[in-house]
Number of protein chains: 2
Amino acid sequence: MTPSPSSPQESLVDALAQTAFMTMAELTRISAENDLSLTQLRMLAILRDRRPRMAALAEYLGLEKSTLSGLIDRAQKRGLVQREASAQDGRAVDVFLSPAGHRLAEQVSSHIADALAPGTAALSSDEQRTLQSLLERMLDARS
Amino acid sequence: MTPSPSSPQESLVDALAQTAFMTMAELTRISAENDLSLTQLRMLAILRDRRPRMAALAEYLGLEKSTLSGLIDRAQKRGLVQREASAQDGRAVDVFLSPAGHRLAEQVSSHIADALAPGTAALSSDEQRTLQSLLERMLDARS
DNA sequence: TATTGTTATACTCTATAACTATA
DNA sequence: TATAGTTATAGAGTATAACAATA
């Protein structure tokens, strides 16, 4: 099941879960250091190369549309994102990062790379490539 | 940085982050299906083989002690955990799973294994062992 | 009528600060 | 005085339900 701290992994599932919790702990810490929630971090990451409608962004994040309204309200108030009425559909609203939002997303991105580096540094270049390849195949198999 | 949905990974860091988000998404979904938050799921996992004091559990979970008080209040009200005054220290309170809590933890555990199986099934037995070993070495390098 | 998004409401999660009881 | 835990308070994140505007 979910990993207990410092417990030995007995299976691949345990190792995956523990890796997930370790990574999420780092992401949560980095989010907090930048006054972001984990959800806001994900939102920033998604908006980095997209300009979705509210409904599409809610779908990406796995949230109800009402939840997203509040999330975007707060991010917009902080100047990180902007709303714009869709040209195609009078009911729809597009969301996208402001320049400040883009800057923050870039900054957070480099912090994440730094935070995960210690673990990956324990592996040789060959092993890193192997790990990346195995993870990608596992992820691809799910979609 | 954090993965966007369905975007190609360009580095090990991206693959790790995307794996983390995929895994956490499954854990979040399973938690919700069992009327648990992700934090409550982690708490159940930790208490499965431990009987810590409030302060130690808060430390494990990375929460303030006041946050944990509320968390345990709600879990206790649902009959999942129990509190007991420490025999050693009159100020301290031990926390542990109730029988119902243990049953729920076991049930959730098997759901998690089922949820992660599709991805791991894409790999051969040898590859699964390799992946597990690489992840474990990466995790060990951090502690 | 169906869809997009917002608003109203309620509950959980979280932290900070103040407090009680014990060491 | 210092530590363990709870309570009070406030804000963010979340969902459900009701609503307005548009398709």
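Naming: A, B, ... by sequence-line order, numbering from 1 per chain. Please read all numbers here as calculations on a predicted model, not as lab measurements.
Between the side chain of A:Thr67 and the main chain of A:Leu63, no donor-acceptor pair closer than 3.5 Å is present.
Applying the side-chain hydrogen bond (donor to acceptor under 3.5 Å, both in side chains) test to B:Glu127 and every residue at least two apart in sequence or in another chain returns A:Arg137, B:Ser124. Partners of B:Asn34 by side-chain contact (heavy atoms from CB on, under 4.5 Å), not counting sequence neighbours, listed by chain and number: B:Ile30, B:Leu36, B:Leu104, B:Gln107, B:Val108, B:His111. By the salt bridge (Lys or Arg N to Asp or Glu O under 4.0 Å) test, A:Arg29 is found to be paired with A:Glu26, A:Glu33, residues two or more places apart in sequence or in another chain being considered. For the side-chain hydrogen bond (donor to acceptor under 3.5 Å, both in side chains) test, no residue two or more places apart in sequence or in another chain qualifies with A:Ser125. Applying the salt bridge (Lys or Arg N to Asp or Glu O under 4.0 Å) test to A:Arg103 and every residue at least two apart in sequence or in another chain returns nothing. Evaluation of the salt bridge (Lys or Arg N to Asp or Glu O under 4.0 Å) rule for A:Asp126 yields A:Arg129 as partners, not counting sequence neighbours.
Within the nucleic acid shown, B:Thr39 comes within 4.0 Å of sugar-phosphate atoms alone, with no base atom in reach, counting heavy atoms only. If you check every strand for non-hydrogen atoms under 4.0 Å, A:Leu63 touches sugar and phosphate atoms only.
Sorted by first and then second residue, the side-chain hydrogen bond (donor to acceptor under 3.5 Å, both in side chains) pairs involving residues 79-88 of chain A (not counting sequence neighbours) are A:Arg51-A:Glu84, A:Asp73-A:Arg83, A:Gln76-A:Arg83. Pairs passing the side-chain hydrogen bond (donor to acceptor under 3.5 Å, both in side chains) check and including a residue from residues 89-99 of chain B, sequence neighbours excluded, read B:Asp89-B:Arg91. Sorted by first and then second residue, the salt bridge (Lys or Arg N to Asp or Glu O under 4.0 Å) pairs with a member in residues 55-70 of chain A form an empty list; sequence neighbours excluded.
Between the side chain of B:Ser66 and the base of C:dT16, at least one donor-acceptor pair of N or O atoms lies under 3.5 Å.
Straight-line distance from the CG atom of A:Leu38 to the P atom of C:dC13: 15 Å, rounded to whole Å. The distance between atom CD of B:Glu64 and atom C1' of D:dA4, rounded to the nearest whole Å, is 13 Å. A straight line from CG of B:Asp73 to P of D:dT7 spans 6 Å, rounded to a whole angstrom. When rounded to the nearest whole Å, the span between CZ of B:Arg53 and P of C:dA21 equals 19 Å. Regarding A:Leu57, its CG atom lies at a distance of 15 Å from the C1' atom of D:dG13, rounded to whole Å. The CD-P distance, from A:Glu59 to C:dT3, rounds to 14 Å in whole Å. Atom CE in A:Met43 sits about 13 Å away from atom C1' in D:dG13, given to the nearest Å. One interatomic measurement links the two molecules: CG of A:Leu68 to P of D:dT14, which rounds to 10 Å at whole-angstrom precision.
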Sort me out a list of protein N/O and nucleotides 20-22 of chain D N/O pairs below 3.5 Å, or just none if empty.
none

Close N/O contacts between protein and nucleotides 10-12 of chain C (under 3.5 Å):
none

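Judged by the 6.0 Å distance and 45° axis criteria, B:Arg50 is positioned over the aromatic ring of B:Tyr60.
In terms of phosphate contacts, B:Thr67 brings no side-chain nitrogen or oxygen within less than 4.0 Å of OP1 or OP2 of C:dT14.
Between B:Val93 and A:Leu36, the residue anchored nearer the 5' end of DNA chain D, judged by the nucleotide with its closest heavy atom, is B:Val93.
Within residues 79-88 of chain B, no residue is approached by DNA chain C to less than 4.0 Å at the level of any non-hydrogen atom.
For the side chain to side chain contact (heavy atoms under 4.5 Å, CB included) test with A:Leu57, the passing option among A:Val93, A:Ile72, A:Val81 is A:Ile72; the others fail.
Nearest nucleotide to the side chain of B:Lys65, out of D:dT14, D:dG5, C:dT4: D:dG5.
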